[in-house]
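In what follows, a single structure is set out as structure tokens and then discussed.
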Amino acid sequence: MDAFYASVATRDRPDLDGRPVIVGGGGRGVVLSANYLARGSGVRSAMPMTRARRLCPDAVVIPPDFALVEQVSGSVMALFRQVTPLVEAVSLDEAFLDVSGAARRLGTPEEIAERLRSVVHDEQRITCSVGVAATPVVAKMASRHAKPDGVVVVPSGEVTAFLHPLDVGELWGVGERTREQLHRLGLFTVGDVAHTPVQTVQRALGGVLGARVHALAWGVDGRVVTPQSGPHAPERSTGADHTFDRDVDDPDVVATELLRLSARVTGRLRSAGLAGRTVTLRIRFADFTTITRSRTLPEATDVTVEVHRTALALFRGLGLQRARLRLVGVRVEGLVPRSQVHHQLQLGEREHGWSEAERAMDRATRRFGASAVRPARLVRHTG
DNA sequence: TCTGGGGTCCTAGGACCC
DNA sequence: TCTGGGGTCCTAGGACCC
């Protein structure tokens with residue numbers, strides 16, 4: 001999709017036609033999406049909102065409507081599945097479609113691409129761009145060049161002709177840091193990387209990344225379209241973090257926030273029927289330096305109280321003397337199905353404990369809403 | 001009043017085991 | 001009488017993606 005969050009936000013707002021629009025959070029938020037008028041002023045995704053407003057003071061700023069975006073995303077993916085069952089959603093606004101089996105039925109790649117675009121536009125009133133190639137990653141790179149509202153086809157025989165003039169930063173997996181490293185080697189274009197011995201690239205980037213980038217420079221990506229409907233990779237971790245509106249140095253505020261985040265994470269675990277063994281605390285200081293501390297528990301848990309207790313112990317273990325914190329986060333890794341966890345009661349431990357209490361809270365929440373029952377610490381004193 | 005939130009994967013060192 | 005080799009797990013940091 002083109003400028004997805006912004007397109008969704010404006011499709012029922014004719015009053016915003018011809019105006020620059022930015023979707024993003026307030027305060028310390030970043031730009032989630034900006035329409036092409038705002039981009040004309042230099043606004044980009046992931047840019048701090050403060051900078052975006054400065055670049056484009058006339059822009060209409062809209063907070064994201066995640067529920068609506070998810071709904072539109074689901075509808076678009078359903079349209080894709082009418083063309084082929086081989087649809088891999090990469091994110092809410094992007095998917096790989098393997099149409100190699102649809103040519104006889106639906107025509108040339110260009111025709112399929114245009115059909116997809118018109119069906120999305122007719123049904124959802126938003127535009128999208130399509131890249132077509134023999135491999136997913138090259139198709140993805142082509143789709144970038146198709147934006148906005150276009151199609152770029154890269155025939156098999158023209159892959160290197162398409163790739164080699166591009167900046168190395170356009171390769172999937174090459175971000176700012178890797179781009180700098182390649183520049184230091186004197187490699188600026190994809191073609192430069194392609195014509196450098198793979199060992200040289202690997203020495204600079206490490207074995208795995210180096211090999212991948214070098215292969216990709218020749219259009220070899222090793223990826224296949226993997227529809228989510230089949231058995232997809234199990235989740236490996238789940239987490240939540242929060243950037244404070246203002247930097248915080250009160251350990252009590254931190255402890256409360258860690259409880260809120262732990263509850264969010266373990267709530268997700270419980271509804272997914274998962275539990276995890278490793279709890280990771282993330283701290284970002286006022287100067288943006290970020291550290292993590294983790295602890296692996298004897299057995300996997302989905303219990304809020306245990307995750308919070310662990311996160312708090314990790315925090316106290318840092319021995320921070322009222323350092324100013326910008327962000328705290330909690331993540332649980334090493335996920336396994338809860339059915340595989342066989343809890344060993346400790347000597348003196350009650351048979352029914354927090355796990356049962358929290359499950360009861362989940363049921364109350366499902367029935368009466370999120371405000372029905374909460375830890376006292378998370379009840380705002382305004383009541 | 002620069003820099004969100006949710007993820008994945010890789011690297012590297014050390015402990016530990018056989 | 002100067003210290004192997006292979007494997008797994010844990011921890012911490014960092015890069016990248018959307």
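Chain letters run A, B, ... following the sequence lines, proteins first and then strands; every chain starts at 1.
What separates CZ of A:R177 from P of C:dG14 is a distance of 9 Å, to the nearest Å. The distance from atom CG of A:L318 to atom C1' of C:dG13 is 14 Å, rounded to the nearest whole Å. Distance, A:D247 CG to B:dT1 P: 9 Å, rounded to whole Å. Atom CD in A:Q181 sits about 13 Å away from atom P in C:dG14, given to the nearest Å. Taking atom CZ on A:F66 and atom P on B:dG7, their separation rounds to 13 Å, with Å as the unit. For the pair A:D287 CG and B:dT3 C1', the interatomic distance rounds to 12 Å; values are reported in whole Å. Remark: P of C:dC18 and CD of A:E70 are 18 Å apart, rounded to the nearest angstrom. Atom pair A:R282:CZ and C:dG14:C1' shows a separation of 11 Å (rounding to whole Å applied).
Pairing of B:dC18, defined by two Watson-Crick or G-U wobble distances under 3.5 Å, is identified with C:dG5.
Nucleotides C:dG4 and B:dC16 have their C1' atoms positioned 16 Å apart, rounded to a whole Å. Between B:dT1 and B:dG5, the distance separating the two P atoms is 15 Å to the nearest Å. B:dT3 and C:dC17: their P atoms are spaced 22 Å apart (whole Å).
Using a 4.0 Å heavy-atom cutoff across all strands shown, A:R212 reaches no nucleic acid atom at all. The residue A:G24 sits apart from the nucleic acid: no heavy atom pair falls under 4.0 Å. Across all strands shown, A:A240 has heavy atoms under 4.0 Å from sugar-phosphate atoms exclusively, and none from any base. Residue A:V90 is classed as having no contact, given no heavy-atom separation below 4.0 Å to the nucleic acid. Here A:R53 lies out of heavy-atom contact (under 4.0 Å) with every strand.
In this structure the side chain of A:P375 reaches within 4.5 angstrom of the side chain of A:M361, judged on heavy atoms. Within the 4.5 Å cutoff, side-chain heavy atoms of A:D2 are placed close to those of A:D149. Annotation: side chain of A:V120 is in contact with side chain of A:F80 (closest heavy-atom distance under 4.5 Å).
For the pair A:K140 and C:dC18, the criterion of a side-chain N or O lying under 4.0 Å from OP1 or OP2 is met. Regarding contacts with the backbone of C:dA15, every side-chain N or O of A:T178 stays at 4.0 angstrom or more from both OP1 and OP2. Distances shorter than 4.0 Å separate none of the side-chain N or O atoms of A:S237 from OP1 or OP2 on B:dG6.
For the pair A:R39 and A:Y36, the cation-pi test (distance below 6.0 Å, angle within 45°) is passed.
Of the two residues contacting DNA chain B, namely A:R331 and A:R246, the nearest-nucleotide position lying further toward the 5' end is that of A:R246. Between A:T50 and A:L205, the one whose closest nucleotide on DNA chain B sits nearer the 5' end is A:T50. Mapping A:L209 and A:R277 onto DNA chain C via the closest heavy atom, the residue that lands nearer the 5' end is A:R277.
By the 6.0 Å contact criterion, CZ on A:R322 is enclosed, its count of non-hydrogen atoms from other residues, nucleotides or ligands being greater than 12. A 6.0 Å sphere centred on CG of A:D245 holds no more than 12 heavy atoms belonging to other residues, nucleotides or ligands.
By the 5.5 Å and 30° criteria, A:W172 is not stacked with the base of C:dC17.
With C:dC10, B:dG4, C:dG13 as the choices, the nucleotide that has an atom nearest any side-chain atom of A:T296 turns out to be C:dC10. For A:V208, the side-chain atoms get nearest to B:dT11 when compared with the rest of C:dC18, B:dT11, C:dA12.
Glycosidic conformation of C:dT3 is syn; the angle stays within 90° of 0.
Here A:H308 and A:W354 keep their ring centres 6.0 angstrom or further from each other.
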